[in-house]
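Below is one structure, written out as structure tokens, with a few remarks after it.
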Amino acid sequence: MQAITMNSVKSPVQFLASDQLEGRMAGSKQGQTAGEYVASLFRFIGLEPMGDSISFTPNRYQKLLGAKPEKNRSFFQPFQAIEVAPDSRQELALITTSGNATDKKVYANSADFRITIPNGSCQISAPVMFVGYGLTDKKSGYDDFNKTDVKGKIVVRWFGLPGDKFPNSSAAMEVTAPKGRALERLKNKQAKEHGALAVLEVATSDQIRQWNANQYYYHDAMYEGVKKPESFYDKRVYLPDVTDATIPVIRISPSVFKDMMGKDFQENHARKNASELKAISQTISGKKIELSVRTKNRRLQLRNVLGRIEGKEKNKFIIIGAHYDHLGTHNGYIWNGADDNASGVSAVLNIAKAMLASGIQPEYTVLFACWDGEERGLLGSHYFVNHWAKKGEIMAYLNFDMIGRNAGPDAPDNQVTMIYSKAFLPAVTLSKQHISDYSLNLDVSYSGSEKPDSGSDNVWFVRNNVPLFWFHTGGHPDYHQPTDQPEMINYTKMASIIRLSYLDIFELSTNPDSWK
């Protein structure tokens, strides 16, 4: 454990989060440099490479000099991803048919509507159906898709949750769906599962104010101007061999929504009914949407970095992982990503260093992984799990994502949360024991669930029923901001978390009885 020093904890953070790496965006030259740095340290501390094989075939001159064909493992697992960004040319039109008369109303991009999640270029002409909030919540029984056939149709929905405007309503008390981007992903998934071709979501006033066509004075914590700056989230990145792609999502203005629903639609009454868990979905008769989405696509070259300490049972694996990419540069600022997630990479490197310093061969193989493309859609870990032939032999996964900060300026310096699979109680038992035995200054909150499927690289392991635990020091005002800098890290707490993690992994990998 003494191999985990303050210098060895700080050094990876200070290099990876330096301005020279310009935020190490996945697919960028700086992202490639970050991967080379991690691989060089894997090699330096003595890990065995576990990436793809590299073949060398000598030419005839090399053969004359005695060179022979070779096949060696690399530390890199390369893969490709597709980046999709909306083009400036988009089309949305409402076709209304009444008797023999047909009317076509064409809307303006970035004034009346905006593409938010393109999956690629497409043209769709289909009937439109209103589905309330577009949500199914089994626990409360709320279901906007009950007895509603949206297959082959474009659905229109409200932003948010039923009960958002009625804090004392049944929906506000009982609906247990997530919030924010997780809610949007869930609703998009449910719409696709019911056969919808696309989603039109009524934008909030705050969202509309940020559309490029609205030339109001734009202001946030880091930027002022008359135009909203480029967003990380305007582009979608996906693995080309993954079939779980989403459907197009378009935000529309309230005026477009009124055109679709007609003057007789009573919006406040419908929202009130939804807050009481009543069904409000309805067919919009005599109207259809014509939608043309155009995108600009490019292929990204990404790489996971993989190394191992081989165990006596070499085909049973404990995996320790962290993503090494961050958000790059935007609008003159560098998003350095010290906590997110140079801190996690430092943990992986230091645990590997300590395991090798012990000089003890573990019972089970310990695989150390630094993932690429996490910030762009959990890409590296997804690719690994999809292409790892021995998924059934992964005994546990320890994830690191943000372990270097305090929850707030007034929060104690030693607080951390351990998130774990409820079935994996040895991780809790060992952590408590090691905190006590080694007098580690950590106040740990233990948060167990059946499948801790939060938005980090643990997602793909949990979905394959791999037991999980990971340490997390929580959100902070510098999350996904240029101010996530190395000097903001609480290195003392971070070192304690890494030492605790090492002790847990050492016990799990060397002592089969620790799993009982």
Side-chain angles (χ1 to χ4, degrees), residues 16 21-39 50-52 74-85 116-120 181-182 184-185 188-189 231-246 295-307 319-328 330 335 337 340-342 344-345 348 367-389 391 394 397 399-402 453-464 466 468 470 480:
L16 289 170
L21 262 67
E22 296 184 359
R24 56 190 194 281
M25 170 75 82
S28 69
K29 181 179 179 181
Q30 293 76 19
Q32 296 279 314
T33 299
E36 292 285 354
Y37 168 75
V38 173
M50 276 295 286
D52 288 4
S74 161
F75 284 103
F76 293 112
Q77 182 187 45
F79 62 99
Q80 295 184 336
I82 307 298
E83 180 188 84
V84 180
T116 63
I117 301 181
N119 195 42
R181 292 174 61 202
E184 184 179 24
R185 287 193 292 266
N188 296 342
K189 180 174 181 283
S231 169
F232 307 113
Y233 309 111
D234 286 344
K235 301 179 180 70
R236 182 176 182 272
V237 185
Y238 64 93
L239 300 175
D241 59 346
V242 171
T243 59
D244 60 353
T246 187
T295 60
K296 298 174 287 187
N297 302 349
R298 71 184 182 113
R299 191 175 294 269
L300 304 178
Q301 306 293 335
L302 308 179
R303 300 184 296 180
N304 293 326
V305 187
L306 307 175
I319 300 180
I320 304 170
H323 73 90
Y324 69 86
D325 66 300
H326 196 53
L327 295 170
H330 291 267
W335 269 251
D340 186 15
N341 185 36
V345 175
V348 172
L367 178 66
F368 299 89
C370 287
W371 314 116
D372 201 357
E374 190 270 356
E375 298 288 5
R376 312 202 76 180
L378 313 181
L379 301 174
S381 52
H382 196 178
Y383 180 86
F384 173 85
V385 171
N386 280 358
H387 292 81
W388 185 252
K391 284 193 279 286
I394 300 175
Y397 177 60
N399 190 57
F400 289 100
D401 195 351
M402 300 172 60
D453 197 359
S454 60
S456 187
D457 290 303
N458 54 288
V459 164
W460 311 115
F461 293 93
V462 168
R463 291 183 186 179
N464 281 274
V466 174
L468 165 84
W470 65 300
H480 281 199

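Predicted model, so just to flag it, every value in this text is computed and none were measured.
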request  = Would you please name every residue forming a salt bridge (Lys or Arg N to Asp or Glu O under 4.0 Å) with Lys189, sequence neighbours left out?
outcome  = Glu193

request  = Nearest 0.5 Å please: distance from the CZ atom of Phe384 over to the CG atom of Asp457.
outcome  = 11.5 Å

remark   = Hits for salt bridge (Lys or Arg N to Asp or Glu O under 4.0 Å) against Arg185, two or more places apart or cross-chain, chain-then-number order -> none

query = What pairs with Val385 under side-chain contact (heavy atoms from CB on, under 4.5 Å), at least two apart in sequence or on another chain?
reply = Lys391, Trp460, Phe461, Asn464

request  = For residues Ser456 and Trp470, report the shortest heavy-atom separation together with the two atoms involved.
outcome  = CB-CH2, 4.1 Å

task = List the atom of Tyr324, the atom of Gly31, and the distance in Å for their closest heavy-atom pair.
result = CE1-O, 3.5 Å

remark   = Tightest non-hydrogen contact, residues Glu374 and Asp325, listed as N-OD1, 3.0 Å

request  = Check Arg236, Arg376, Lys296 against Glu83 for a side chain to side chain donor-acceptor pair (under 3.5 Å) and give me the one that passes.
outcome  = Arg376

note = When every non-hydrogen atom of Trp335 is compared with those of His480, the smallest separation belongs to NE1-O, 3.0 Å

inquiry  = Once rounded to the nearest 0.5 Å, what's the spacing between atom NE2 of His387 and atom NE2 of His382?
reply    = 9.5 Å

ask   = Can you name the side-chain hydrogen bond (donor to acceptor under 3.5 Å, both in side chains) partners of Asn458, sequence neighbours left out?
value = none

key: Pairwise distance CZ(Arg24) to NE2(His326) - rounded to 0.5 angstrom   = 6.5 Å

note = With sequence neighbours left out, the residues meeting side-chain hydrogen bond (donor to acceptor under 3.5 Å, both in side chains) with Tyr397 are Trp371, Asn399

message = Restricting to non-hydrogen atoms, name the atom on Thr33 and the atom on Leu21 that form the minimum distance, rounded to 0.1 Å.
response = CG2-CD1, 4.4 Å

key: Test side-chain hydrogen bond (donor to acceptor under 3.5 Å, both in side chains) applied to Gln30 - qualifying residues, sequence neighbours left out   = Glu22

